[in-house]
Visitor: 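The structure under discussion is supplied below as structure tokens; questions concerning it will follow.
We use all heavy atoms of the structure for the numbers below, so side chains are in, but hydrogens, waters and symmetry mates are not. Not measured: the values here are computed from a predicted model. Each ligand, and each atom within it, is numbered from 1 in the order the structure gives.
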Amino acid sequence: MIIVIDFGSQFNQLIARRVREHNVYCQVEPADISLDRIRALNPKGIILSGGPSSIYEDNSPAIDKALFDLGVPVLGICYGMHYMVHALGGVIQRARKREYGFARLQIKTGCPLFTDMEPAFQCWMSHGDSAIELPKGFEVTASTENTAIAAVAHHQKRFYGLQFHPEVEHSVNGSLMIKHFLFDICHCEKNWTMNSFSQGAISQIKDAVGDQKVIMGLSGGVDSSVAATLIHKAIGKNLYCIFVDNGLLRHNEKTQLEKRLVANLDMNIKFVDAAETFLAALKGVTDPETKRKIIGSLFIQVFDAEAKKIPGAGFLGQGTLYPDIIESRSAFGGPTSIIKSHHNVGGLPEKMKLKLIEPLQLLFKDEVRKLGATLGLPEDLIWRQPFPGPGLAIRIMGDVTPNRLDILRQTDTILLEEIRKAGLYRKLWQSFAVLLPVKSVGVMGDKRTFANCVAIRAVTSNDAMTADWAKLPHALLGTISNRIINEVDDINRVVYDITSKPPGTIEWE
Ligand code: XMP
């Protein structure tokens with residue numbers, strides 16, 4: 001395995017993903033990780049990530065310098081390179097000119113990171129500081145116009161530094177450099193595949209759960225479905241899934257899930273119809289956060305009441321992913337501990353006293369999709385766009401009524417049909433309709449209308465942290481608008497949302 005030390009870069013998860021794309025397991029660890037823990041993890045190589053700090057700032061992130069005595073290859077990226085150079089006796093200085101964006105990298109021959117590359121190509125920079133003096137044994141292996149020391153190496157110790165970001169797609173040959181680091185320098189094996197992962201995970205779940213029961217909430221989304229499938233493969237009928245219909249789902253959602261999971265996998269699923277309870281509690285509520293709180297706490301009540309009907313349950317299954325773990329920095333025990341008993345995340349009450357089992361907690365979203373395919377889940381489930389827990393309630397601005405839900409469901413169905421027909425469903429992170437609290441004047445036939453307005457939202461994104469509005473073809477927008485206005489009563493106007501995130505959010509509430 002490879003360890004990425006997190007110095008605070010917005011790209012540290014990207015570094016881990018790039019490593020895993022080469023079928024090598026990689027884990028992101030905080031900078032205050034102890035040396036004993038690093039030794040216990042026994043990495044083949046260590047990558048020091050970039051970060052927003054300057055090396056000479058107070059409280060800039062630092063790691064135990066004895067790391068450099070472990071005999072393990074190290075690759076420092078941006079701040080990670082500064083840290084290594086500084087720690088080993090070199091000098092870093094605030095550059096006269098900040099370098100941000102594209103730069104042309106000129107490489108020198110002889111560095112194994114750059115094997116089989118042309119002498120000059122584009123790289124992507126984002127730094128204020130630069131190395132100006134190198135520690136003993138280091139040499140410069142590449143430069144750019146503004147940065148004389150753009151890459152460094154200490155060949156004997158197998159320490160390498162890159163001032164630019166190889167993990168970012170704009171850096172030509174970046175993935176190849178990471179590949180050379182993994183295989184030519186660290187001599188890693190290619191053994192991280194979803195097949196090997198699922199075999200390991202299934203046997204770990206079997207060992208940990210034994211003949212106890214696991215309860216799990218299904219949402220119909222990719223993560224909970226893949227997690228449940230994995231647990232189901234391990235313990236079969238001792239997995240009890242609960243699907244709460246909160247009345248805020250899209251058209252046919254419950255039926256589709258029933259068809260996909262029950263029919264495909266013969267899973268034990270209890271469908272609970274709690275729509276009336278949720279809608280009654282939401283009556284008259286217009287504030288987004290209040291809606292969320294009501295829905296969240298009702299979900300817990302309904303789920304808890306159902307869970308109590310399953311005697312002898314010892315575990316609660318959840319589809320938590322690796323980015324949540326990295327971000328929450330919760331207690332985390334590495335690849336061999338996918339089962340742990342800690343606080344309940346996702347708001348399920350402490351009093352359930354169930355141990356948590358999170359079989360996807362080492363995976364990124366794209367890996368979960370690959371795992372789903374390995375486990376034989378249907379394509380349309382694996383590629384389903386994310387759908388928020390509070391459902392359509394946060395896509396109806398203002399009061400959530402059965403009538404407004406009905407309008408939105410019809411609109412959303414048309415939109416998704418057209419997006420799928422255009423072959424765009426998978427390319428978009430999310431595409432959905434939002435029912436606005438405004439009426440506007442229109443004319444249909446010879447009649448004046450005064451009816452509702454819907455907004456169409458379609459975004460591209462990798463992780464929902466940032467998103468861009470999708471440049472949908474005008475003809476497609478036209479078809480969507482025509483169909484909605486013709487087929488859905490009470491809508492006479494369709495608008496397209498052209499806000500990216502930031503400054504907007506993906507959802508409207
Ligand atoms: P925003 O609107 O914050 O959304 O840009 C980012 C991603 O999170 C989803 N989202 C939610 N998911 N409960 C959820 O389970 C929520 O309350 C919630 N709010 C937003 C949203 O659909 C997008 O994918």
Visitor: For atom 23 (C) of ligand 1, find the nearest protein heavy atom and state the residue, atom name and distance (0.1 Å precision).
Guide: Q430 OE1, 3.3 Å
Visitor: Please state which protein non-hydrogen atom is closest to atom 6 (C) of ligand 1 and give its distance, to 0.1 Å?
Guide: K501 NZ, 3.8 Å
Visitor: Looking at E509 and R395, does any basic side-chain N land under 4.0 Å from a carboxylate oxygen?
Guide: no
Visitor: Students should be able to answer this: which protein heavy-atom is nearest to atom 17 (O) of ligand 1, and at what distance?
Guide: R292 NE, 2.6 Å
Visitor: Can you check which of A467, S461, P390 brings a heavy atom nearest to atom 13 (N) of ligand 1?
Guide: P390
Visitor: Quick one: look up the protein heavy atom nearest atom 21 (C) of ligand 1 and list residue, atom name and how far away it is.
Guide: E507 OE2, 3.4 Å
Visitor: Atom 15 (O) of ligand 1: which protein heavy atom is closest, and how many Å away?
Guide: G389 N, 2.9 Å
Visitor: Please state whether W508 comes within less than 4.0 angstrom of ligand 1, counting heavy atoms only.
Guide: no
Visitor: What's the shortest distance from atom 10 (N) of ligand 1 to any protein heavy atom, and which residue and atom give it?
Guide: P388 CB, 3.9 Å
Visitor: Of all the atoms in ligand 1, which lie at a distance below 4.0 Å from a heavy atom belonging to W429?
Guide: 24 (O)
Visitor: Please name the residue in the list V19, I3, L362, L182 that meets the side chain to side chain contact (heavy atoms under 4.5 Å, CB included) test with C26.
Guide: V19
Visitor: Which heavy-atom pair separates F364 from P323 by the least distance, and what is that distance?
Guide: CD2-CG, 3.8 Å
Visitor: Looking at K179 and E21, is there a salt bridge between them, counting it only when a charged N and a carboxylate O are closer than 4.0 Å?
Guide: no
Visitor: Residue-level breakdown please: for F387 versus ligand 1, do any non-hydrogen atoms fall below 4.0 Å on the side chain, on the backbone, on both, or on neither?
Guide: neither
Visitor: Give me the nearest non-hydrogen protein atom to atom 4 (O) of ligand 1 as residue plus atom name, then the distance to 0.1 Å.
Guide: I506 CB, 4.0 Å
Visitor: Report the relative orientation of the aromatic rings in Y83 and F7; use parallel for angles under 30°, tilted for 30 to 60°, perpendicular for over 60°.
Guide: tilted
Visitor: Which residue and atom name correspond to the protein heavy atom nearest atom 7 (C) of ligand 1, and how close is it?
Guide: A464 CB, 3.8 Å
Visitor: Taking NZ, NE, NH1 and NH2 as the nitrogens, is one of them in E379 or R426 under 4.0 Å from a carboxylate oxygen of the other?
Guide: yes
Visitor: Using a strict 4.0 Å threshold on nitrogen-to-oxygen distance, state whether K370 and E367 make a salt bridge.
Guide: no
Visitor: So, for R18 and I178, which heavy atoms are closest and what is the spacing to 0.1 Å?
Guide: CB-CD1, 3.8 Å
